[in-house]
Amino acid sequence: MLIILSLALYTIMQMIMEIPLELMLTISKRLPWMFFPDVVPLGHPIFDIINSTNSQIDWDLRLACLLLLAFDQEGNFWQLYGDFLPSADECTSLLLASEHSAAPLKVKRLARDPERFMWAVSIAQTRSINLQIRVGSLVQDANMFVPYADMLNHSFQPNCFYHWRFKDRMLEVMINPGKRIKRGEEMTVNYMSGQQNNMLMQRYGFSSAVNPWDAISFSGDSKIHLDTFLSVFNITGLREEYYHNIQSEKEDDFVDGAVIAAARTLPTWSDEDVPIIPSLERKAAKELQGRCQKILSEYPTTSEQDQQILDATLDARRTLEAAIKYRLHRKLFLGKVIDALEIYQDKILF
């Protein structure tokens, strides 16, 4: 089988990679079940697994079974590509995942080794994509393993995106409009939009210190005025797409995307006809600060101590490193919310 790959620095069509369907592992999300490539023999237990699982919540079980089946097929491309996949020790996506306690017993017929099966589930979670594809006249939503494209890292400001070219059944990696990829620059896509760090951790095994979608659960009646809060940082009135990962050129400015996350996560009120009462607004801001500080105090370590652990354990397993970073990013986010509320009081509530 020939591997068809097209790479270019920057083309007129803005395509930098294309992967044919024949190299992918694909399961459709609804009947009629479609598998690509056609490696599943009739009567194979994977059909029982597909029919006895939920395509919405058990998609990773299904895809893991298909991956293991491909590894067992003599001469299958994925036997070779498996050398590029991370080992079980490097898989971090299951640190926060709940167990598949309701997984059908029929799964064991295909994956008798629990550790190998959980490795395959982790690979399915971290390296697959969900895409609507058209094959002939049939349009289907599918879970897909796409070799080479699965090596692209995540960014909230990606320079690439996926596109299905149905004419010749190719997945294209395209350059986002307005972006240029220079020689040596990393290609990135957005894995999940609008998700908090806990979801990124569960699905992909990493978190981000600049995730504009992270949130905090608050309880109580304390609220701050949304429009007034945003006006402190000179971002009120911008279109919503500008509210993600805004980077400031000045080191002392606070607008870095986490402020937007703070605005989303903080309990707020807004009424143009009702002016704020500074004393009440200051009280609400202080109460919200106090709740954030209480959450921080419940961690066994500080942000500085977490960073010291990361700096001192250069050879730590990826699972340990990912767990510490997840905890650290949560603390940094809480700290930014506290700082944002402090700036709010200083700039507006004089």
Side-chain angles (χ1 to χ4, degrees), residues 60 86-100 118-119 121-127 153-157 188 190-220 222 244-248 251 254-267 287-343:
D60 48 357
S87 66
D89 291 339
E90 297 176 299
C91 293
T92 58
S93 66
L94 299 178
L95 285 172
L96 298 183
S98 57
E99 295 183 2
H100 284 281
M118 292 310 295
W119 168 82
V121 170
S122 183
I123 295 297
Q125 291 177 339
T126 57
R127 303 184 78 90
N153 284 328
H154 166 79
S155 173
F156 291 112
Q157 295 177 309
T188 58
N190 192 336
Y191 289 177
M192 301 176 77
S193 180
Q195 296 294 337
Q196 301 177 33
N197 271 342
N198 62 335
M199 284 304 300
L200 287 173
M201 193 69 178
Q202 288 181 27
R203 175 70 189 273
Y204 296 103
F206 71 88
S207 59
S208 171
V210 294
N211 184 355
W213 301 102
D214 215 0
I216 304 170
S217 296
F218 289 97
S219 60
S222 300
H244 312 310
N245 267 0
I246 299 177
Q247 298 293 332
S248 171
E251 293 183 0
F254 190 72
V255 182
D256 68 348
V259 169
I260 310 305
R264 283 200 178 98
T265 195
L266 285 167
E287 287 180 357
L288 293 172
Q289 276 184 312
R291 292 177 197 171
C292 290
Q293 289 164 346
K294 185 177 184 299
I295 297 173
L296 277 176
S297 68
E298 293 172 351
Y299 284 101
T301 58
T302 64
S303 300
E304 292 75 16
Q305 289 171 330
D306 282 345
Q307 190 60 57
Q308 289 173 3
I309 294 173
L310 289 172
D311 295 339
T313 54
L314 299 179
D315 297 327
R317 291 180 58 179
R318 288 192 62 184
T319 50
L320 174 61
E321 180 184 6
I324 295 174
K325 283 185 175 180
Y326 174 68
R327 185 174 67 183
L328 173 60
H329 292 160
R330 187 64 173 170
K331 295 174 187 175
L332 293 175
F333 175 62
L334 284 162
K336 287 179 177 180
V337 174
I338 293 172
D339 290 344
L341 288 167
E342 190 66 34
I343 295 172

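Reckoned from all heavy atoms, side chains included, excluding hydrogens, waters and symmetry mates. Predicted model, so just to flag it, every value in this text is computed and none were measured.
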#### Entry: Donor-acceptor contact below 3.5 Å, side chain T265 vs main chain I216
yes
### Task
Mind checking the CD-CE spacing from Q125 to M118? Nearest 0.5 Å is all I need.
7.5 Å
### Task
Please name the pair of heavy atoms, one in S303 and one in L328, separated by the smallest distance, quoted to 0.1 Å.
O-CD1, 3.6 Å
### Task
Run the numbers on M192 and W213 for side chain to side chain contact (heavy atoms under 4.5 Å, CB included), then give the verdict.
CA-CA 10 Å; M192 301 176 77; W213 301 102; over 6 Å; no
### Query
At their closest point, which heavy atom of P300 faces which heavy atom of Q305, and how far apart are they?
O-OE1, 4.3 Å
### Query
At their closest point, which heavy atom of T319 faces which heavy atom of C91, and how far apart are they?
CG2-O, 3.4 Å
### Task
Could you tell me whether a side-chain N or O of R291 sits under 3.5 Å from a main-chain N or O of S219, the two making a donor and an acceptor?
yes
### Message
Tell me whether N211 contacts the main-chain N or O of F156 through its side chain, where contact means a donor paired with an acceptor under 3.5 Å.
### Response
no
### Message
Could you tell me if the side chain of N197 sits less than 4.5 Å from the side chain of R330, heavy atoms only?
### Response
no
### Spacing of OH belonging to Y191 relative to CG belonging to N153, to within rounding of 0.5 Å
5.0 Å
### Task
Begin from the C-alpha positions of I324 and L320 and carry the test side chain to side chain contact (heavy atoms under 4.5 Å, CB included) through to its verdict.
CA-CA 6 Å; I324 295 174; L320 174 61; 3.8 Å; yes
### Summary
Output for pair (L200 CG, Y326 OH), nearest 0.5 Å, gives 10.0 Å
### Task
Heavy atoms only: give me the nearest R203-A124 pair and the separation to one decimal.
NH2-O, 4.5 Å
### Query
Donor-acceptor pair, Q307 side chain versus E304 backbone, under 3.5 Å?
no
### Task
Check whether any side-chain N or O of W119 sits under 3.5 Å from a backbone N or O of D89 as a donor-acceptor pair, and report yes or no.
no
### Task
Go through the steps to decide whether D214 and K336 satisfy the test side chain to side chain contact (heavy atoms under 4.5 Å, CB included), and finish with yes or no.
CA-CA 12 Å; D214 215 0; K336 287 179 177 180; over 6 Å; no
### Message
Less than 4.5 Å apart, side chain to side chain, heavy atoms only: is that true for S122 and D60?
### Response
no
### Message
Using every non-hydrogen atom in the two residues, find where S222 and P267 come nearest and quote the distance to one decimal.
### Response
O-CB, 3.3 Å
### Task
To the nearest 0.5 Å, tell me how far L334 CG sits from K294 NZ.
12.5 Å
### Message
Quick check for you: to the nearest 0.5 Å, what is the distance between S207 atom OG and K325 atom NZ?
### Response
8.5 Å
#### Entry: Ring geometry between F206 and H154 (parallel below 30°, tilted from 30 to 60°, perpendicular above 60°)
tilted
### Message
If you count heavy atoms of other groups shown closer than 6.0 angstrom to NZ of K331, is the number above 12?
### Response
yes
### Query
How many angstroms lie between CG in L288 and CG in L341, if you round to the nearest 0.5 Å?
6.0 Å
